[in-house]
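The first residue in the sequence is number 1, and the count goes up from there. Only heavy atoms go into these numbers, but all of them, side chains included; no hydrogens, no water, no symmetry mates.
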Amino acid sequence: DGPCRSTLDVAIRHILAVAMPHFPELKDARFAEWWAHCRPHASGHQMHYDSDNEGIGGARHPICSCVTYLEGAEDLGGPTLVTTQRLG
């Protein structure tokens, strides 16, 4: 809580407000993680689980995950792959 300190804070709070009706457990959330990258078009991205510390010491998944594209040209990047695959 508290005042927004950046445009990213505003975006995170907006995503939280949109997601909260679908994930009521978010009312207990204390943190939001974000990351971004910019890579050459053909470099790809390794597959990974959305998990605390990449699952080292056991999988601990977030309440909710969100992929947000802030801007981008039509000929850049590619789709985000989401699967129902589970550990174990």
Side-chain angles (χ1 to χ4, degrees):
D1 286 331
C4 290
R5 291 181 274 177
S6 68
T7 303
L8 188 57
D9 280 350
V10 173
I12 289 170
R13 289 178 192 208
H14 176 74
I15 291 166
L16 177 63
V18 170
M20 189 101 53
H22 306 282
F23 299 91
E25 307 94 319
L26 286 171
K27 71 180 181 335
D28 298 323
R30 298 180 318 175
F31 305 100
E33 175 188 63
W34 67 273
W35 58 271
H37 64 243
C38 181
R39 296 187 176 149
H41 183 67
S43 70
H45 190 288
Q46 73 279 5
M47 296 289 289
H48 71 280
Y49 286 95
D50 197 354
S51 175
D52 185 36
N53 202 18
E54 291 300 317
I56 296 170
R60 218 176 101 204
H61 303 293
I63 297 168
C64 173
S65 292
C66 174
V67 177
T68 304
Y69 295 93
L70 299 178
E71 71 175 52
E74 286 186 29
D75 61 342
L76 291 177
T80 296
L81 174 66
V82 179
T83 72
T84 58
Q85 184 177 5
R86 297 180 179 269
L87 287 174

Which heavy atom in Pro62 sits nearest to a heavy atom in Ser65, and how many Å separate them?
-> CG-OG, 3.4 Å
What closest approach, in Å, do Cys66 and Ile15 show between heavy atoms, and which atom pair accounts for it?
-> SG-CG2, 3.8 Å
Apart from Leu26 itself, members of its ILVMFWY cluster (side-chain separation under 4.5 Å) are Leu16, Met20, Phe23, Ile63
Can you sort out the partners of Val18 under side chain to side chain contact (heavy atoms under 4.5 Å, CB included), two or more places apart, ordered by chain and number?
-> His14
Residues two or more places apart in sequence or in another chain: which of them pass side chain to side chain contact (heavy atoms under 4.5 Å, CB included) with Ile12?
-> Leu8, Ala32, Trp34
For atom CD of Glu33, is the number of surrounding heavy atoms from other residues, nucleotides or ligands below 6.0 Å larger than 12?
-> no
